[in-house]
Structure formats: structure tokens, C-alpha cells
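Below is one structure, written out as C-alpha cells; the observations come after it.
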Amino acid sequence: MAEEATVRLLKQQSASSAYVHVVTPPKPPAELTAAVSNANVGAVCALLAGAGHSTAVTDDALDREAGDRRPPTQRNPGGLRQKDRMGMTLANRVSQWGAKVGTHWRLFKQPKVEAFVEGLFQTVKASAENGNHLWGKCTVTFSRADLFHCHLVYDVSGTQPDILFLFHLKEYPSNIEADKSHDAHLIEPDIAEFKAHEDAGYTRRNAIYSLRMNRLWIINYIRQIDEELYVPVYKADHPYVPLLTAQSRAKDMLENFMGNPLAVGGDQLGDEFGTINYFPRELAHPVFSVRGH
């Protein structure tokens, strides 16, 4: 169930603080903002999947493109751990690595929309790395284990519907997602593995963008020293804890600074209906999927 009161609280935040960094990205094109005028999520999905907005692309086409853009030694390296039911390795297939909701992968048909999406990913990366004057610096990479996707959510917390883009950075820490981190490093050996409790950017791994407001929020789930346990814990009274998944906001997880996935859930924001994946090292264009198409 969506935490509408907390979503409204976040969207009221117009100035940066210790808890959140607020950014205004470049204005989105009218071809994309038209989606928020639709009366329901099904209409949004139909619009984005329509012939005027996108073209379908096969898994094989994406995998061939990614393979061609990788050095030969990184196309299907030995030692990959994740396999499908047929025993085929998964990490060498970018189509299987991306977050997917719908039936088909799709390419944006309109250059303005594609350019905006790419720019938004770049803005998220730069904003998370630099934060505000209350935060330290960190490093974010466009890679298999870090920033490569966002979730699309239909938000009805306000008087008018909105479309939210939920970005997950620092997706696969080696101490939480060992196999995925391992495979990602084999595919991209120049990108170092990281641990959740050691990476400076892990606490700010959730970013939310409002299409209607054209505003981006980088949430910083602050750690503090527990006076009884004498170890770092996540602040239980953080104003945006309700946006975390049930697993991430559980008391024992808030006290587990090493193993908490610390993920804002799409269902906490509204009705998740799609994803966008961005692999600039492997694919020339971002790809997306929407429910029912």
C-alpha cells in the first residue's frame, strides 16, 4: 500500500537538508509530460507502448549489441554464478540483467524523450555524488552493480496524478548480493566491488523524480551511533523511513547497517507500472518496459 502521506511530505520538500538533496533537472519535453494527463495507469502504459512513442526490441538484439560493445574477454567470462533453468549463464545477457516489468523491451522513438531520460540518469548520478554542503562526496557508476535502472510509478497522493521515477543506486553490494556483485565484476572488471557498510554513497541509494513537478529528491538515510549497541544504525525517526520496503524498515534491519538493502519500494510510492534501464557502456540507447505490453 502506498504511503501517500509520506509521498506528499517528500514532494513538499523544496530545499535541501541532511535528509534529502533537492534538484531541479532540465525541463522534460512535452511529448513525455503528456503522459501525466492520462486518467489512469493503463492509459499511461498504452501511451508509452504506442507506435508514436516506442518500438519493441528483442532480447537477442539487445544481447548481441551489448556483446559487440564489450571486449571479447567480457562477453561470456568463466566463473559466472547465476544461471537460468536451462543452465545458461545470465550475466552475459544484458536483457536478463535489466529490471523488466512488461512483456517486451522497448526503445524510445522520440529523440527528445530519449535525450531527457539519459540526462535524468546523468543528473541523478551527479546529484548523488555531490549532494549538498551537509554531505560528503561519493562515487556512483553506470554499471551492472550500481546505477542502471529506475522504476516508473503512478502516483495519486496529490490532487492530480503524477509519474514518479524511482532510481536505485548501489544495487548489488558484495556483502548482500554476493553472486550478482561477483558476476557484475566479471563482466565489468574495471568497476570495483563494494560493500554496503563501507561505501560512502550507500545511504543515498534512493532517488525519486516527479515528472509533474520536475523535481528530483536524493534521500539520505542517515546512520547514527546507537548509545546502547555502540554500532552505527539507521535513524528510525527519519521522515522518509515509511517509503522503505517492509524488509528495509523493519526494526532489526534498521539496526543492521551492514546487511540492510535500504530500498525504497515502488509500491510504497504508488502503482509501479514500468522500468527504464540505462547501460551506456553496453547499449547505445536506454530501454524500457511497461506493464501489459
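As a basis for the values below, the full set of heavy atoms in this structure was taken, side chains included, without hydrogen atoms, waters or symmetry mates. On a predicted model such as this, the values are computed, not experimentally measured, just so you know. One is the number of the first residue; the rest follow in order along the sequence.
Between A196 and I176, the closest heavy-atom pair is CB-CD1, 3.9 Å. Nearest approach of S17 to L134, heavy atoms of both residues: C-CD1, 3.7 Å. The minimum heavy-atom distance between D190 and R281, with the atom names listed, is OD1-NH2, 2.7 Å. The two residues K109 and A51 come nearest to each other via the heavy atoms NZ-O, 2.8 Å. Of all non-hydrogen atoms in V124 and A207, the two that sit nearest each other are CG1-CB, 4.0 Å. In this structure, W97 and R144 approach most closely via the heavy-atom pair NE1-O, 2.9 Å.
Checked against the 6.0 Å centroid threshold, H238 and Y221 count as a close aromatic pair. Less than 6.0 angstrom separates the ring centroid of F167 from the ring centroid of F121. Remark: aromatic rings of Y234 and F257 are distant, center separation not under 6.0 Å. Aromatic pair H168/H149: ring centres closer than 6.0 Å. Under the 6.0 Å cut-off for aromatic ring centres, F148 and Y278 do not qualify, their centroids lying 6.0 Å or more apart.
Counting heavy atoms from C-beta on, the side chains of V94 and R69 never come closer than 4.5 Å. Between Q224 and P232 the shortest side-chain heavy-atom distance does not fall below 4.5 Å. Using a 4.5 Å heavy-atom threshold, the side chains of N277 and T275 count as touching. For the pair L164/L211, no side-chain contact is recorded, criterion being any heavy-atom separation below 4.5 Å from C-beta on. Between L80 and N92, some side-chain heavy-atom pair lies under the 4.5 Å cut-off. At least one side-chain heavy atom of Y202 sits under 4.5 Å from a side-chain heavy atom of R223.
Between E171 and R205 a salt bridge is recorded (basic side-chain N to carboxylate O distance below 4.0 Å). The pair D271-R291 counts as a salt bridge, with a side-chain nitrogen and a carboxylate oxygen less than 4.0 angstrom apart. Under 4.0 Å is where a charged nitrogen must lie from a carboxylate oxygen, and between D84 and R93 at least one such pair does. Note on D146 versus K125: no salt bridge recorded, every NZ/NE/NH1/NH2 to OD/OE distance being 4.0 Å or above. Comment: E282 engages R70 in a salt bridge, judged by a side-chain N to carboxylate O separation of less than 4.0 angstrom.
For the 3.5 Å distance criterion, the side chains of E272 and H151 qualify, holding a donor opposite an acceptor. Side-chain contact check for S157 and D155: at least one donor-acceptor pair (N or O, by modelled atom type) lies under 3.5 Å.
Note that the CG atom of L244 and the CD atom of E3 stand 10.5 Å from one another [nearest 0.5 Å]. To the nearest 0.5 Å, atoms OG1 (T58) and CG (L62) are separated by 6.5 Å.
In this structure, the side chain of R204 does not engage the main chain of I218 through any donor-acceptor pair within 3.5 Å. In this structure, the side chain of S54 engages the main chain of L48 through a donor-acceptor pair within 3.5 Å.
Counted within 6.0 Å of CE on M88, heavy atoms from surrounding residues, nucleotides or ligands total 12 or fewer; the atom is thus considered open.
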